[in-house]
Amino acid sequence: MHDLERYLNVRSAYGASIGPEGTLAFLMDTTGTPQVWTLDEPAGWPEQRTFYDERVTFCSFSPERRELAFGMDEGGDEFTQLFRLDLDSGAVHPLTDTPDAIHYWGGWSHDGDRIAFAANRRDESVFDVYVQGRDEQGDEAELVHEGDGWLALAGWSPDDDRLLVTEHTSSFDKDLYVLHLDSGDLEHVTPHDGDVRYNSPSWGPDGEAIYCCTDRESDTLRLERLDLDTGEFAIVEDGGEWNVDGIALDDETGRLAFSRNVDGYTEITVGELTGATEYDTRPAPDLPDGTAGGVSFGPDGEAFALSASSRTNNTNVHRVAFESGETEQWTRASTAGIPPSSFREPELVHYDSFDGREIPAYFTLPAEAARDSTGVPVIVDIHGGPESQRRPSFSGLTQYFLSRGYAVFEPNVRGSTGYGKAYTHLDDVEKRMDSVKDIRAAVEWLTDQSAVDPDRIVAKGGSYGGFMVLAALTEYPDLWAAGVDSVGIANFVTFLENTGAWRQEHREAEYGSLEDDREFLESISPLNHADRIEAPLFVLHGANDPRVPVGEAEQIVEEVQSQGVPVEKLIFEDEGHGISKLENRIEAYTTVVDFLDRHV
């Protein structure tokens, strides 16, 4: 059996970008935090290009030069700054110099002379659009549009005279705009009523249309084409009961790759446009049976890179030849000497909840050798979001728990994405606690499994999943042997009052507003029912968390301590919304494992 540190040392390579000479740039966490690395051939020796203690959040090759842009924040604060790296000299040039503002990368112009980004420099609650020369920095950026909401960019038009702008009103209500750089006019191209998503927008060839994944007249996301002259939409691909959840389109060749999310597993289709909505397919890439994404076409469209992962394959970058579908794994991120054959696959199950609704989940049992004859303990691991989905990608921590004899149960309770719009809205505002009832139903299902010890069931989750842990412990205190809350919400009122200004309206759309729903928000906040908690509780948080402020952890710990229930707290001064640095992850989860060993 390998120790926890080995499992947390399993590496990931992802976020790939192909350069003009075929060089592959990507992020890899070999040093303990994600940095930029490059490769010139498959399975070669990768070259490390950045050397920081802080995590690099993305990298993007210039279309014309041997240079790339990358982003980095400090201590998990999410105030991402942008940099340009010259591959030949190794020199790093800061592009931005506003450390108290967020910068969202918006892409290179096709000639590689300019970059675009969105930033909340002027007012922390709104994002403006900027354009800047590749060799300019700081205040030399040109403010080209003053926003009044949460804006992001989806790239330059083929002739570089327009930018594609996305506005996020909520996770399920988005809009697309075209910003004309010559006139400064912002053209609203997706006016609509109600909640509609326009995800993964991409410019079509010649800049006459936008392709995106939308649920504007559908329960699930479809791939559609928006004609910019007429404003008319046309369906390119209908995913049926499943979402078409992402598209990458090379606007010079019309070559594309899009993904369907089938019960959490990724199916990729590769093709080339032969008309506005018609395309000829090419062979699909040969990838692990799990999740894949982050498609990046090379400059000539002859190949694309993407990252792929499964429960038994750690995340690596693959390069796919467009015409043949021939797939090569370029990166060899280490499994820390642990044989991949020892990693466990989940079973996709469905269980009935309180109202007869079927809830999907992944259930993974430890190997026979790790099982206890009286039944195994189970970790019910609840995802965050809530507009998110647990999917079958690799997790070293999960594999460690399995190696230690724990089973792992990962439900996609109502409110999760991936199962259509209606399912996602089943936990909105006053229906919030119905999703917690889904957790109770999960425990009832687990207690019927002969392999499970019903007296040793743990609730574990992060972010919104942390709220779900606290809510499960307060609503159903007799079900749990222990709880582990990471960066979770304890009180919706204090959370909404203190979250980043740019996020408040966005989050109120999901949870309810302070003005209209304060009494309800108080009524469902676990902090106000902490006297019901009976199970030992572990609380983990980052001091710099801009999303769920650290006060949420401090409040719940103080309240549970006052009840005489065992509670432990671990706060990292150099982390934000999650624990990203390897040394911190080792300390955090070693402490969590010791806690569970004592109480479970």
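Along the sequence shown, residues are numbered consecutively beginning with 1.
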| request: Test side-chain hydrogen bond (donor to acceptor under 3.5 Å, both in side chains) on Y279 and E237 and set out the steps. | output: CA-CA 10 Å; Y279 62 92; E237 187 69 37; 2.5 Å; yes

| Is the shortest heavy-atom distance from the side chain of P99 to the side chain of F79 under 4.5 Å? | no

| field | Presence of salt bridge, D88 and R66, under 4.0 angstrom | value | yes

| Please walk me through it: do H577 and E78 pass side-chain hydrogen bond (donor to acceptor under 3.5 Å, both in side chains)? | CA-CA 9 Å; H577 194 61; E78 300 188 24; 5.8 Å; no

| Checking side-chain contact (heavy atoms from CB on, under 4.5 Å) for the pair S60/W105: CA distance, chi angles, key distance, verdict? | CA-CA 9 Å; S60 174; W105 175 244; 3.5 Å; yes

| More than 12 non-hydrogen atoms from neighbouring residues, nucleotides or ligands closer than 6.0 Å to CG on D53, yes or no? | no

| field | Pairing of R282 and E272 as salt bridge, 4.0 angstrom limit | value | yes

| message | When you compare the side chains of D175 and H192, does any donor N or O come within less than 3.5 Å of an acceptor on the partner? | response | yes

| said: Working to the nearest 0.5 angstrom, can you tell me the gap between D123 CG and D148 CG? | reply: 10.5 Å

| Taking NZ, NE, NH1 and NH2 as the nitrogens, is one of them in D135 or R65 under 4.0 Å from a carboxylate oxygen of the other? | no

| said: Return the CD1 to CG distance between I210 and L249, rounded to the nearest 0.5 Å. | reply: 11.5 Å

| Heavy atoms, side chains only, cut-off 4.5 Å: are Q329 and P42 in contact? | no

| said: Using a 3.5 Å distance criterion without hydrogens, assess whether the side chain of D160 forms a donor-acceptor pair with backbone atoms of S109. | reply: no

| message | Would you say T214 and E224 are linked by a side-chain donor-acceptor pair, where the criterion is simply a distance under 3.5 Å? | response | no

| Between H93 and Q137, is any side-chain donor less than 3.5 angstrom from a side-chain acceptor? | no

| Will you find, in the side chains of T33 and D29, an N or O donor that is under 3.5 Å from an N or O acceptor? | no

| Which value, rounded to the nearest 0.5 Å, describes the distance between D245 atom CG and N199 atom CG? | 8.5 Å

| field | Side-chain heavy atoms of D251 within contact of P158, under 4.5 Å | value | yes

| Quick check, are the ring centers of F70 and F58 under 6.0 angstrom apart? | no

| Could you state the interatomic distance from CD (E326) to CZ (R319), rounded to the nearest 0.5 Å? | 9.5 Å

| query | Once the angle between the rings of W150 and H168 is folded into 0 to 90°, is it parallel (under 30°), tilted (30 to 60°) or perpendicular (over 60°)? | reply | tilted

| note | To the nearest 0.5 Å, atom CG of D86 lies from atom CZ of R49 at 9.5 Å

| message | Do D159 and H110 pair up side chain to side chain, a donor and an acceptor below 3.5 Å, judged on atom types alone? | response | no

| Would one find more than 12 heavy atoms of other residues, nucleotides or ligands at under 6.0 Å from atom CG of D219? | yes

| message | We want to know whether S62 and R84 form a side-chain donor-acceptor pair, criterion being a heavy-atom distance below 3.5 angstrom. | response | no

| Looking only at atom types and distance, does a side-chain atom of T315 sit under 3.5 Å from a main-chain N or O of A308, one as donor and one as acceptor? | no

| Is the number of heavy atoms from other residues, nucleotides or ligands under 6.0 Å of D113 CG greater than 12? | yes

| said: Under 3.5 Å, is there a donor on one side chain and an acceptor on the other for T253 and D250? | reply: yes

| field | T335 side chain to N314 side chain, donor-acceptor N/O pair below 3.5 angstrom | value | no

| request: Answer yes or no: is there a donor N or O on one side and an acceptor on the other, between the side chain of T291 and the main chain of Y265, under 3.5 Å? | output: no

| field | Worked check of salt bridge (Lys or Arg N to Asp or Glu O under 4.0 Å) between D427 and R414 | value | CA-CA 6 Å; D427 69 339; R414 69 192 65 207; over 6 Å; no

| field | side-chain hydrogen bond (donor to acceptor under 3.5 Å, both in side chains) assessment of S307 paired with H318 | value | CA-CA 6 Å; S307 49; H318 301 253; over 6 Å; no

| message | When you measure from the side chain of S218 to the backbone of L221, do you find a donor-acceptor pair of N or O atoms at a distance under 3.5 Å? | response | no

| Is R222 positioned over the aromatic face of F233, cation under 6.0 angstrom from the ring centre and no more than 45 degrees off axis? | no

| request: Report yes if the side chains of E208 and D229 come closer than 4.5 Å at any heavy-atom pair, otherwise no. | output: no

| Going by atom types alone, do S334 and R11 pair a side-chain donor with an acceptor below 3.5 Å? | no

| query | Salt-bridged, R255 to E323, with N to O below 4.0 Å? | reply | yes

| Under 6.0 Å from the CG atom of D111, do we count more than 12 heavy atoms belonging to anything else shown? | yes

| Heavy-atom distance under 4.5 Å between the side chains of L163 and W156, does that happen here? | yes

| Among V178, V189, L176, L179, the one residue meeting side-chain contact (heavy atoms from CB on, under 4.5 Å) with V165 | L179

| With a 4.5 Å limit on heavy-atom distance, are the side chains of P299 and P63 in contact? | no

| query | Hey, does L348 have a side-chain heavy atom less than 4.5 Å from the side chain of D263? | reply | yes

| field | Any donor-acceptor N or O pair under 3.5 Å, side chains T23, D40 | value | yes

| Do R162 and Y177 meet the cation-pi criteria used here (NZ or CZ under 6.0 Å from the six-membered ring centre, within 45° of the axis)? | no

| said: Measuring centre to centre across the rings, with the benzene-like ring taken for any Trp, is F117 within less than 6.0 Å of Y130? | reply: yes

| Is it true that the side chains of Q81 and T96 contain a donor and an acceptor less than 3.5 Å apart? | yes

| query | Hey, are R121 and H103 close enough side-chain-wise for a donor-acceptor pair under 3.5 Å? | reply | yes

| Less than 4.0 Å between a side-chain N and a carboxylate O, is that true for R134 and E136? | no

| Between E232 and R225, is the closest basic N to carboxylate O distance under 4.0 Å? | no

| field | Evaluation steps, side-chain hydrogen bond (donor to acceptor under 3.5 Å, both in side chains), between E74 and N544 | value | CA-CA 9 Å; E74 189 170 337; N544 303 322; over 6 Å; no

| task | Check step by step if side-chain contact (heavy atoms from CB on, under 4.5 Å) holds for T417 and Y423. | result | CA-CA 8 Å; T417 51; Y423 189 81; over 6 Å; no

| Short question: side chain of Q48, backbone of T50 - any donor-acceptor pair under 3.5 Å? | yes

| query | To the nearest 0.5 Å, what is the distance between OG (S259) and CD (E267)? | reply | 10.0 Å

| message | Could you check whether Y419 and N412, counting side-chain N and O atoms only, form a donor-acceptor pair closer than 3.5 Å? | response | yes

| Within-4.5 Å side-chain heavy-atom neighbours: E21 and F61 | no

| task | Step by step, work out the salt bridge (Lys or Arg N to Asp or Glu O under 4.0 Å) result for R197 and E387. | result | CA-CA 12 Å; R197 285 180 289 178; E387 311 97 332; over 6 Å; no

| field | Exam field: side chain S200 to backbone I247, donor-acceptor pair closer than 3.5 Å | value | yes

